[in-house]
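I have placed the structure first, in the form of structure tokens, so that the comments after it can refer back to it.
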Amino acid sequence: MKFFVDTADVAEIKDVAASGLLDGVTTNPSLIAKANRDFKTIVAEICAVVPGPVSAEVASTEYTQMMKEAHVLAKIASNVTVKLPLTWDGLKACKALTSEGIKTNVTLCFSATQALLAAKAGATFVSPFIGRIDDMGYDGMQLIREIRQIYDNYPALHTEILAASIRTVGHVRDAALAGADVSTVPPSVLKTLAQHPLTEKGLAQFTADWAKTGQKIV
Ligand code: G3P
């Protein structure tokens with residue numbers, strides 16, 4: 001599974017990227033508003049730090065304007081992935097941008113049939129929003145399972161399932177079990193993936209026992 005980080009905070013991205021474990025970045029208009037800086041500058045900075053796909057979302061909801069915005073965003077760097085809403089106009093833009101060789105991420109996916117349309121439109125990624133479905137009292141992960149099965153039924157579909165609105169370590173585990181290609185995760189959750197109380201307890205014991213030996217490796 002690939003790990004993307006879901007933030008527009010460049011300092012946080014640099015910190016996670018230093019691990020060498022980061023495969024890409026997703027942003028959205030809410031994350032850009034939170035960062036409170038110029039959108040195109042942020043995207044350029046992120047693309048310079050992370051060589052993998054960096055999702056930058058169009059602001060318009062209308063096809064012609066979406067296409068204009070998409071072309072501006074795609075010119076920022078070769079690793080920009082244009083993020084489009086899962087609407088009729090967004091799907092139309094996805095199809096057109098795909099035919100131009102521009103990578104796309106179709107976002108705000110909440111049903112398997114929406115995901116099927118995104119794949120037919122040639123999306124590079126589709127983003128089902130797990131946490132927001134859970135918020136409604138339904139099982140977000142069931143959507144990942146359904147999309148995986150549908151995509152596997154049709155080998156001609158090459159869209160990658162990018163599990164988004166991931167809020168917990170359990171979400172990452174379950175998305176991996178369900179066969180999502182990518183999880184996009186807030187930086188705090190990504191770091192928490194490495195933690196386990198028994199790892200900490202075991203390490204404390206090893207460190208104490210090593211000190212008793214009086215030895216040094218270097
Ligand atoms: O990038 C989209 C998605 O990850 C948003 O997550 O927590 O706002 O539902 P959330």
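Order of listing sets the numbers, starting from 1, for every ligand and every atom in it.
Counting non-hydrogen atoms of neighbouring residues, nucleotides and ligands closer than 6.0 angstrom, the CD atom of Q149 reaches no more than 12 such neighbours.
Cluster membership check: V185 shares its hydrophobic cluster with M1, using side-chain heavy-atom separations under 4.5 Å among Ile, Leu, Val, Met, Phe, Trp and Tyr.
Using a 3.5 Å distance cut-off with no hydrogens or angles, the side chains of S60 and E69 do not pair a donor with an acceptor. Checking T64 against E62 by side-chain atom types alone, a donor-acceptor pair falls below 3.5 Å.
Atom 8 (O) of ligand 1 has its closest protein heavy atom at R132 NH2, 2.8 Å. The shortest contact between atom 7 (O) of ligand 1 and any protein heavy atom is with R167 NE, 2.8 Å. Nearest protein neighbour of atom 6 (O) of ligand 1, counting heavy atoms only, is S165 CA, 3.3 Å. Summary of contacts: the protein heavy atom closest to atom 4 (O) of ligand 1 is D6 OD2, 2.6 Å.
For ligand 1, the atoms lying closer than 4.0 Å to a non-hydrogen atom of N28 are 1 (O), 2 (C). Atoms of ligand 1 lying under 4.0 Å from at least one heavy atom of F129, given by number and element, are 2 (C), 3 (C), 5 (C).
N105 is listed as a side-chain neighbour of T26, based on a closest heavy-atom distance under 4.5 Å.
Contact annotation: for K83 versus ligand 1, heavy atoms closer than 4.0 Å belong to the side chain alone.
A distance of 6.0 Å or more separates the ring centres of F110 and Y138.
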